[in-house]
Amino acid sequence: MKLSNQTQLSEFLLQGFSEDPTLQPIIFGLFLSMYVICVIGNLLIILAILSDPHLHTPMYFFLANLSFSDICFTSTTVPKMLVNIQTQSQAISYEGCLTQMFFFIIFSALDDFLLGVMAYDRFVAICHPLHYTIIMNPQVCVKLILLCWTITVMYGLLNSLLVLRLSFCTHPEIPHFFCELNQVVHSACSDTFLNDLIMYFAAVLLGGGPLAGILYSYSKIASSIHAISSNQGKYKAFSTCASHLLTISLFYGTIIGVYLSASAAPSSASIAAASVMYTVVTPMLNPFIYSLRNTDMKKALKRLLFHK
């Protein structure tokens, strides 16, 4: 079969969740609601941290960056899906698909790295409290964020450039509601060995690296908390990590769930439905996780909303 050149390709077709017209309004309303809650919730977290001097600490600095990343992460996929439902179309342009894929790679990897940095922050705070302000000074915090951005942008560029070299058949279908890297690569008609190699290598290095750092940090934190003599001291130390632990569990748990779901039932609907958990639900829940159990955050949000 003669392969068409990628420059001649005008669009991809996103299969999404269901082609049943009776389900489209329900899907549209559900995702619009989740997207609005996600954006407003994370925006309130950012504004509360910026407006309250008591929250100008490394922990909340990283949290503000995580909230910004979550807004961008969700915004790369949901708005286009809502437009497609409204216009009753499955199409996304070739340029639009690659752009969406590029930003999705950046912000999904950025979430991963930020969770690792936040674990390191908690490790220093609990295991080395006397040196915390020296180790986690403002310059170090900014450098850590810049390092996260640099790695993720370079990773996004590398994968996007590798996709540009691929050839696609006419109107390739992607069994997803957005242009996910793996699905785009495997819809190509040309050889994808190099793309697969880079993806697997990155999954081990960029995915496993932060996770290994998180596990190491919390193993040390657990040892330090166990060594604390008073129950009140143990509870206070653990409470500073509880929200972050829950976010980590949601993020990695849902991603693992996506791949298990894809392996067990590799249909477009099952893959798309499972992906919703880490692309939409987790970013939507993060503001609630970090505000409901955090007294300082609740006070800052009250001052922001009610000017008290």
Side-chain angles (χ1 to χ4, degrees), residues 57-70 73 105-156 158 198-231 233-260 277-278 282-283 285-286 289-290 293-294:
T57 62
M59 181 175 76
Y60 292 108
F61 172 68
F62 296 134
L63 176 57
N65 278 275
L66 181 66
S67 292
F68 173 75
S69 179
D70 280 343
F73 185 34
I105 292 170
I106 289 175
F107 292 113
S108 59
L110 188 59
D111 267 17
D112 187 26
F113 276 88
L114 286 172
L115 290 174
V117 169
M118 291 170 79
Y120 174 70
D121 173 70
R122 292 300 83 208
F123 160 73
V124 176
I126 293 172
C127 300
H128 305 283
L130 298 178
H131 300 97
Y132 178 73
T133 54
I134 298 171
I135 297 172
M136 299 303 293
N137 61 68
Q139 290 80 12
V140 169
C141 293
V142 171
K143 286 177 182 177
L144 284 171
I145 293 297
L146 288 175
L147 180 63
C148 292
W149 272 99
T150 302
I151 294 172
T152 55
V153 169
M154 287 178 66
Y155 175 54
L158 174 62
I198 295 297
M199 281 192 290
Y200 292 137
F201 179 74
V204 173
L205 189 64
L206 302 185
L211 181 58
I214 289 168
L215 293 174
Y216 175 79
S217 296
Y218 274 103
S219 67
K220 293 295 184 181
I221 288 170
S223 299
S224 296
I225 291 176
H226 182 70
I228 298 172
S229 56
S230 69
N231 289 331
K234 287 181 179 180
Y235 175 79
K236 186 177 179 182
F238 177 76
S239 64
T240 64
C241 303
S243 298
H244 185 242
L245 274 171
L246 185 54
T247 302
I248 289 169
S249 301
L250 273 173
F251 183 78
Y252 285 105
T254 51
I255 289 176
I256 292 168
V258 167
Y259 287 103
L260 289 177
M277 290 302 297
Y278 79 92
T282 300
L285 291 178
N286 281 349
I289 293 170
Y290 279 99
R293 289 179 54 85
N294 190 309

In the structure I gave you, are the side-chain heavy atoms of [X] and [Y] within less than 4.5 Å of one another anywhere?
X: I214; Y: Y252; result: yes
X: Y120; Y: I135; result: yes
X: F201; Y: L206; result: no

Using 0.5 Å steps for rounding, measure from the [atom1] atom of [X] to the [atom2] atom of [Y].
X: D121; Y: C241; atom1: CG; atom2: SG; value: 9.5 Å
X: M59; Y: H244; atom1: CE; atom2: NE2; value: 10.5 Å
X: L285; Y: M277; atom1: CG; atom2: CE; value: 7.5 Å
X: L63; Y: Y290; atom1: CG; atom2: OH; value: 6.0 Å
X: M136; Y: L144; atom1: CE; atom2: CG; value: 5.5 Å
X: F73; Y: D70; atom1: CZ; atom2: CG; value: 8.0 Å

Can you see which heavy atom on [X] is nearest to which on [Y], and at what distance?
X: I105; Y: G156; answer: CG2-CA, 3.7 Å
X: F107; Y: S69; answer: O-OG, 3.5 Å
X: A119; Y: S217; answer: O-CB, 3.7 Å

Stepwise side-chain contact (heavy atoms from CB on, under 4.5 Å) test for N65 and V117
CA-CA 11 Å; N65 278 275; V117 169; over 6 Å; no
Mark yes when over 12 heavy atoms from residues, nucleotides or ligands other than Y132 sit less than 6.0 Å from its OH; otherwise mark no.
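Yes.
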Output all residues satisfying side-chain contact (heavy atoms from CB on, under 4.5 Å) with K220, sequence neighbours left out; order by chain, then residue number.
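In terms of side-chain contact (heavy atoms from CB on, under 4.5 Å), with neighbours along the sequence ignored, K220 is linked to F123, C127, Y216.
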Tell me which pairs pass side chain to side chain donor-acceptor pair (under 3.5 Å) where either residue lies in residues 133-152, with sequence neighbours left out.
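Of all non-adjacent pairs touching residues 133-152, none passes side chain to side chain donor-acceptor pair (under 3.5 Å).
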Please identify each residue that fulfils side-chain hydrogen bond (donor to acceptor under 3.5 Å, both in side chains) with S67, with sequence neighbours left out.
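For S67, the residues satisfying side-chain hydrogen bond (donor to acceptor under 3.5 Å, both in side chains) (neighbours in sequence not counted) are N42.
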